[in-house]
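For reference, the structure discussed in these notes is given below.
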Amino acid sequence: MKPIVYVTRTIPEVAVNLLRNYCEVIYRNELVPPSKEEIIENIRNVDAIYCTLNEKMDREVIDSSPKLKVIGTMSVGVDHIDIDYATKRGVYVVHTPGVLTETTADLAFGLMLATARRIVEGDRMIREGRWKLAWAPTMMLGHDVYGKTLGIIGLGRIGAALARRAKGFNMKICYYDVVRRPDIEKELGIEYLELEELLKVSDFISIHVPLTAETRHLISEKELRLMKPTAILVNTSRGPVVDEKALLKALKEGWIAGAGLDVFEEEPLPHDHPFIDLPNVVLTPHIGSASHDTRNRMAEYAAEGIIKVLRGEEPDNLYNREVVKIRPLHSIRMI
Ligand code: NAP
């Protein structure tokens with residue numbers, strides 16, 4: 001009998017086809033994510049769940065699927081999954097590390113440029129018929145990027161990819177992380193700083209940590225007040241890493257110059273959110289990994305991970321490696 005996989009919502013076709021080669025697929029082909037009740041209703045008899053970051057895989061969900069062996073998420077972040085509980089229950093979690101690194105770093109760099117050089121504001125000015133003077137010595141002045149100091153918070157895959165881009169802009173780069181990365185320090189000639197010091201010296205600060213209990217509101221009023229009044233904050237990690245109320249105050253009162261944000265505490269960002277009225281903020285709708293090639297590769301990689309687990313093999317995108325001790329892979333083999 002083939003293993004059963006529940007796919008929570010529309011994903012690139014390449015992954016659905018791959019899963020269908022090995023599994024019976026319950027494919028909920030809808031763009032909107034399902035409610036928790038709908039998920040619970042559909043996973044009572046499945047061996048695997050294929051989800052995205054919008055579906056919470058909490059204790060209640062995991063417990064409602066007694067035969068569940070693996071959760072595959074089409075994201076590198078796993079903050080929507082109760083990892084400890086999944087591990088305890090012997091449920092493997094596979095995600096998509098690496099394949100979205102360069103695409104997300106491109107967006108982070110794009111947000112730095114767009115915010116510093118007021119690209120979106122300029123576009124709006126033209127479209128709204130407000131471009132009255134052909135050229136004026138003091139019109140639409142922004143901040144230089146080339147040669148400035150970039151502070152990276154979280155020098156993992158995406159943080160390091162951003163650093164490589166910044167080298168091409170002759171930027172001075174520093175980083176803060178829970179662990180030192182001497183290999184990358186040496187490769188790129190970058191400096192480790194404690195968070196407070198990084199915040200004080202950087203012209204651009206880009207956040208690349210996962211969302212965890214430790215990183216929730218890592219950037220709050222105290223941290224924002226340490227930044228330069230000319231600093232620009234970029235967040236392409238997860239919304240709750242930044243205390244949005246404090247950021248709003250910082251942007252309104254000029255503690256910092258601007259922000260480029262791809263992620264928010266509440267997504268989609270409510271239409272009446274005060275960020276929308278601020279000219280010094282560039283907003284994108286959580287599109288860090290949203291390129292054709294990368295989304296296809298992410299979709300495929302999560303499916304490959306699920307298939308590997310169901311074959312009793314260890315996938316290279318397994319997140320909770322300790323699970324192997326709780327439920328050995330050979331006991332899973334179904335394909
Ligand atoms: P990664 O390689 O795991 O990098 C994260 C880095 O942050 C690691 O070096 C990690 O150290 C460090 N870190 C963890 N906790 C920290 C803390 N409390 N303080 C300082 N540093 C800490 O992950 P990645 O692939 O670069 O992705 C980073 C995050 O970006 C993801 O978790 C995801 O939430 C987000 N993301 C967003 C988009 C988007 O669409 N906007 C796309 C892709 C990813 P350790 O390795 O020692 O834990």
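Remember, it's 1-based here, ligands and their atoms both numbered in the order they're listed.
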Suppose I only count heavy atoms of [X] and a 4.0 Å limit; which atoms of ligand 1 are within that range?
X	answer
S289	40 (O)
H286	39 (C), 40 (O), 41 (N)
G288	39 (C), 40 (O), 41 (N)
I158	24 (P), 25 (O), 26 (O), 27 (O), 30 (O), 43 (C), 44 (C)
Y176	19 (N), 20 (C)
G154	7 (O)
L155	9 (O)

Can you spot which of D316, T96, N317, N296 makes a side-chain hydrogen bond (donor to acceptor under 3.5 Å, both in side chains) with Y301?
D316
Report the residue from E191, E185, H208 that forms a side-chain hydrogen bond (donor to acceptor under 3.5 Å, both in side chains) with Y175.
E185
Given [options], identify the one with the heavy atom nearest to [atom].
atom	options	result
atom 18 (N) of ligand 1	L100, V179, T215, N235	T215
atom 29 (C) of ligand 1	D79, V209, V241	V209
atom 23 (O) of ligand 1	R157, R238, E214	R157

Is it the case that atom NZ in K36 sees more than 12 heavy atoms from other parts of the structure closer than 6.0 Å?
yes
If we set the cut-off at 4.0 Å for heavy atoms, which region of T101 has an atom near ligand 1: side chain, backbone, both, or neither?
neither
Within the protein, is there a heavy atom lying under 4.0 Å from atom 3 (O) of ligand 1?
yes
Does the N or O separation between L218 and ligand 1 drop below 3.5 Å for any pair?
no
With a 3.5 Å cut-off and no angle check, do the side chains of S289 and R295 form a donor-acceptor pair?
yes
The single option from E30, E55, E38 that satisfies salt bridge (charged side-chain N to carboxylate O under 4.0 Å, His left out) with R9 is E55
Inter-residue atom distance Y192.OH - L198.CG, 0.5 Å rounding:
9.5 Å
Distance check, rounded to the nearest 0.5 Å: L278 atom CG versus L248 atom CG?
5.5 Å
N280 side chain reached by T115 side chain, heavy atoms, under 4.5 Å
no
How far is [atom] from its nearest protein heavy atom, and which residue and atom is that?
atom	value
atom 35 (C) of ligand 1	S237 O, 3.5 Å
atom 19 (N) of ligand 1	V178 CG1, 3.7 Å
atom 37 (C) of ligand 1	T236 O, 3.0 Å
atom 14 (C) of ligand 1	P210 CD, 3.5 Å
atom 42 (C) of ligand 1	T104 OG1, 3.4 Å
atom 28 (C) of ligand 1	H208 O, 3.4 Å
atom 9 (O) of ligand 1	D177 OD2, 2.7 Å
atom 31 (C) of ligand 1	V76 CG1, 3.8 Å

May I ask you to decide if E244's main-chain N or O and E265's side chain share a donor-acceptor pair within less than 3.5 Å?
yes
Ion pair [X]/[Y], N-O distance below 4.0 Å:
X	Y	result
E221	K245	no
R127	D123	yes
D63	R89	yes

Let me see the working for H143 and T230 under side chain to side chain donor-acceptor pair (under 3.5 Å), right down to the final yes or no.
CA-CA 8 Å; H143 298 272; T230 49; 5.4 Å; no
Would you say D262 contacts ligand 1, with heavy atoms under 4.0 Å as the rule?
yes
